[in-house]
Peer 1: 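The following block contains the structure, expressed as structure tokens.
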There are 2 protein chains.
Amino acid sequence: MRLLLVEDEVEMARALMAVLVQQKHIVDHMTSIENAREALLSNVHDAVILDRQLPDGDGLALLREMRDAGDKTPVIVLTAQNEPGERVDGLDDGADDYLGKPFLADELMARLRAVVRRSESYISKVFAEGNVEIDLDHQELKISGSVVPLTRREMLVLQILARRIGKTVLRATLEEAVYGYDDEIQSNALDSHVSRLRRKLADAGACMTIHTIRGIGYLMKGT
Amino acid sequence: MRLLLVEDEVEMARALMAVLVQQKHIVDHMTSIENAREALLSNVHDAVILDRQLPDGDGLALLREMRDAGDKTPVIVLTAQNEPGERVDGLDDGADDYLGKPFLADELMARLRAVVRRSESYISKVFAEGNVEIDLDHQELKISGSVVPLTRREMLVLQILARRIGKTVLRATLEEAVYGYDDEIQSNALDSHVSRLRRKLADAGACMTIHTIRGIGYLMKGT
DNA sequence: GCAAAAACGTTGCAGCAACATTACGTTCAA
DNA sequence: TTGAACGTAATGTTGCTGCAACGTTTTTGC
């Protein structure tokens, strides 16, 4: 990971750098709010470790600036004392976690991992192609990054087709997947769902379409 | 937190349950290695409290199994005597801490906190977004700085949803997290809790709402 | 090539399953 | 004994879904 360390105390900074570098992280070290502000413009850091006591003011000021500017990079605030008051201050200003000195290197590393993992949305995409993402874990369809609401049946149809992308899926296979074996259907319910699904995909600008293989089934592929 | 207690002695188990539940933790109680093994499959526990003397063997056997399988869930081993020999046994097998009976409730709680905090499975001490703060350590919800009293179940639902903010959480996931696996649910208890939780959030002016994804689950996000 | 039939597409709507809300009885700890 | 927490059930609400009717496209039979 690439981290931004904002800490002016020499000894503390040296110790932190040693630990972080040893863990194979890339660390940019700044000793003032002003320098840190500039470094943040690059927007390449996975997380920020921010001391409160800095030569040109309270670190929380920088944190507030970041949040006001919509910067959601995870920030761990280092506080000299573990006072309840100070703690709430940091949280109100948008800190993701705080750490009272002195602390163990292990604890910092654990917090860091936790905070970064939380900011990266849980990665469980089983399918992703073009601008279409299907998150099986959360049963969500995303197109160009934004969620497209699907009903349960639509999601089922989509998943079957996506799993066999580029391959024709028999009509019977779809019916069996969407309904039970025993559950027989006596209408064109499946067609309805495909129709509504097509519309949602098109409206959202998906780069995939569902083709009809007449007499056989359906097939999904990129456009 | 959600804990797994493996202890067959009735009196000891009752006392531990009382202490842990009072601290707003959810405890799954198993009385044998076999049952505990099954419970661990779900992989949802923040820590395990493991007795050595169990009807179907030494608890350390289960601990070894877990570590061999790559399970890093923190484990605190309870030993009948505080013999140096026994202690080393446990630590060699991958225990995170040990506790010799008899012990004080406070000591267990402190060890538990320490052990869980060290482990990286613990997401963070706090969750904060907008005017909503969740303090996992104290099991408190704060909105705009003031505490909103929640019941145990409400807190659990909230934590699960908050941990996956912006993502749909399957109904089954919530049910499994709030109740045990064996504990089957035959009513709309979950719906009740969601309903009451929604009301409390709204009344307190929270900037987050719980959305229903019909047929799939729930989703929490900022307004 | 043409008509007819078959297969599929689309859309409105009623029914019903899923969900929301609230009241009430039970349990259990203080 | 009292009150909080919780599960249960009754009742109200919502919107998914199957269905059917009608339109469109492709295939078939001649």
Side-chain angles (χ1 to χ4, degrees), chain A residues 139 141 148-158 161 168-180 182-203 209-220, chain B residues 13-27 29 105 139-141 147-158 161 168-175 177-180 182-203 209-220:
Chain A
Q139 298 285 306
L141 166 67
V148 176
L150 292 187
T151 70
R152 208 158 43 111
R153 296 262 130 103
E154 287 163 359
M155 192 68 203
L156 277 170
V157 171
L158 178 64
L161 291 173
T168 303
V169 178
L170 297 186
R171 204 188 161 79
T173 307
L174 277 171
E175 285 179 356
E176 183 190 298
V178 176
Y179 304 89
D182 40 341
D183 231 352
E184 61 186 69
I185 68 177
Q186 38 187 321
S187 77
N188 61 349
L190 179 60
D191 303 46
S192 300
H193 292 302
V194 171
S195 172
R196 291 191 261 253
L197 183 53
R198 272 178 174 148
R199 165 165 273 270
K200 288 189 183 178
L201 288 175
D203 286 356
T209 48
I210 298 174
H211 299 258
T212 305
I213 310 303
R214 206 175 177 78
I216 302 192
Y218 293 94
L219 170 151
M220 194 169 89
Chain B
R14 218 183 48 74
L16 282 170
M17 288 282 286
V19 173
L20 296 170
V21 166
Q22 200 232 331
Q23 296 282 329
K24 306 264 191 185
H25 299 306
I26 293 291
V27 185
H29 178 208
Q139 296 288 306
E140 268 181 2
L141 166 66
V147 175
V148 176
L150 291 187
T151 70
R152 210 160 48 105
R153 298 255 125 109
E154 287 164 359
M155 192 66 202
L156 267 172
V157 171
L158 179 64
L161 290 174
T168 306
V169 178
L170 301 188
R171 205 188 161 80
T173 306
L174 276 171
E175 284 179 355
V178 176
Y179 304 89
D182 41 342
D183 233 352
E184 65 184 67
I185 180 172
Q186 41 185 325
S187 78
N188 60 350
L190 179 60
D191 303 47
S192 299
H193 292 301
V194 170
S195 174
R196 291 190 261 254
L197 183 53
R198 271 180 174 146
R199 166 164 275 271
K200 288 189 184 178
L201 288 175
D203 286 355
T209 48
I210 299 174
H211 299 256
T212 305
I213 311 300
R214 192 165 256 263
I216 300 186
Y218 292 95
L219 171 152
M220 194 168 90

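Protein chains get the first letters and strands the later ones, always in sequence-line order, with residue 1 at the start of each.
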Peer 1: Minimum heavy-atom separation for A:Val157 and A:Leu197, please, with both atom names.
Peer 2: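 So the two residues come closest at CG1-CD2, 3.9 Å.
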Peer 1: Give the rounded distance in Å between these two atoms: CG of A:Leu190 and P of C:dT10.
Peer 2: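 Between P of C:dT10 and CG of A:Leu190: 13 Å.
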Peer 1: Does any donor-acceptor pair link the side chain of A:Asn188 with the base of D:dA20 at a separation under 3.5 Å?
Peer 2: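 Flag set: donor-acceptor pair detected.
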Peer 1: Between the base of C:dC8 and the side chain of A:Ser195, is there a donor and acceptor pair under 3.5 angstrom?
Peer 2: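 No such pair is found, so the answer is no.
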Peer 1: With respect to the side chain of A:Ala189, which nucleotide from D:dG7, D:dG18, C:dC8 is positioned closest?
Peer 2: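 Nearest to the side chain of A:Ala189 among the choices is D:dG18.
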Peer 1: Give the rounded distance in Å between these two atoms: NE2 of A:His211 and P of C:dG9.
Peer 2: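 Spelled out: NE2 on A:His211 to P on C:dG9 is 12 Å.
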Peer 1: Measure the CE-CG distance between B:Met220 and B:Leu158 for me, rounded to the nearest 0.5 Å.
Peer 2: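 Here the rounded value is 5.5 Å.
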Peer 1: Please check the phosphate of C:dA7 (OP1 and OP2 only) for any side-chain N or O of A:Tyr218 closer than 4.0 Å.
Peer 2: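 No, because none of the side-chain N or O atoms of A:Tyr218 sits under 4.0 Å from OP1 or OP2 of C:dA7.
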Peer 1: Is A:Arg153 touching bases, backbone alone, or none of the nucleic acid, heavy atoms closer than 4.0 Å?
Peer 2: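 Counting heavy atoms under 4.0 Å across all strands, the contact made by A:Arg153 is with sugar-phosphate only.
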Peer 1: Specify the separation, in whole Å, of atom CG of A:Leu150 and atom P of D:dT17.
Peer 2: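 Value for this atom pair: 10 Å.
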Peer 1: Between B:His193 and D:dG7, is there a side-chain N or O to OP1/OP2 distance below 4.0 Å?
Peer 2: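 So the side-chain polar atoms of B:His193 do come within 4.0 Å of the phosphate oxygens OP1 or OP2 of D:dG7, strictly under.
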Peer 1: To the nearest angstrom, how far is B:Lys200 atom NZ from D:dA4 atom P?
Peer 2: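 Rounded to the whole Å, the gap is 11 Å.
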Peer 1: Rounded to whole Å, please give me the gap between CZ in B:Arg198 and C1' in C:dC19.
Peer 2: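 Distance, rounded to whole Å: 9 Å.
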Peer 1: Calculate the interatomic distance between A:Ile213 atom CD1 and D:dT25 atom P; express it in whole Å.
Peer 2: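 After rounding, the gap between these two atoms is 17 Å.
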Peer 1: Of the nucleotides D:dA20, C:dC8, C:dG9, which has the atom closest to the A:Ser192 side chain?
Peer 2: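 Shortest atom-to-atom distance from the side chain points to D:dA20.
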Peer 1: Report yes if a side-chain nitrogen or oxygen of A:Thr212 is closer than 4.0 Å to either non-bridging phosphate oxygen (OP1 or OP2) of C:dG9; otherwise report no.
Peer 2: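 For A:Thr212, the contact criterion (side-chain N or O under 4.0 Å from OP1 or OP2 of C:dG9) is met.
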Peer 1: Less than 4.0 angstrom from a charged side-chain N to a carboxylate O is my criterion; do B:Arg171 and B:Asp191 meet it?
Peer 2: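 Counted as a salt bridge, because a side-chain N and a carboxylate O are separated by less than 4.0 Å.
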Peer 1: Of A:Val194 and B:Ile216, whose nearest nucleotide on DNA chain C comes first from the 5' end?
Peer 2: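 Closest to the 5' end, via its nearest nucleotide, is A:Val194.
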Peer 1: Would A:Leu201 and A:Glu154 count as a side-chain contact (heavy atoms from CB on, under 4.5 Å) if you check the C-alpha gap in whole Å, the side-chain angles of each, and the deciding distance to 0.1 Å?
Peer 2: CA-CA 11 Å; A:Leu201 288 175; A:Glu154 287 163 359; over 6 Å; no
Peer 1: Students often get this wrong, so: under 4.0 angstrom with heavy atoms, is B:Arg196 touching a base, only sugar-phosphate, or nothing?
Peer 2: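 The answer is base, as B:Arg196 lies within the cut-off (heavy atoms under 4.0 Å) of a base atom.
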Peer 1: Kindly say whether, by distance alone, the side chain of A:Thr151 makes a donor-acceptor pair under 3.5 Å with the base of D:dT17?
Peer 2: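 Such a pair does not exist between side chain and base.
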Peer 1: On DNA chain D, compare the nucleotides closest to A:Arg214 and A:Arg152; which residue's is nearer the 5' end?
Peer 2: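 This one resolves to A:Arg152.
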Peer 1: For B:Thr173, which residues count as a side chain to side chain donor-acceptor pair (under 3.5 Å) partner, sequence neighbours excluded?
Peer 2: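 In terms of side chain to side chain donor-acceptor pair (under 3.5 Å), with neighbours along the sequence ignored, B:Thr173 is linked to no residue.
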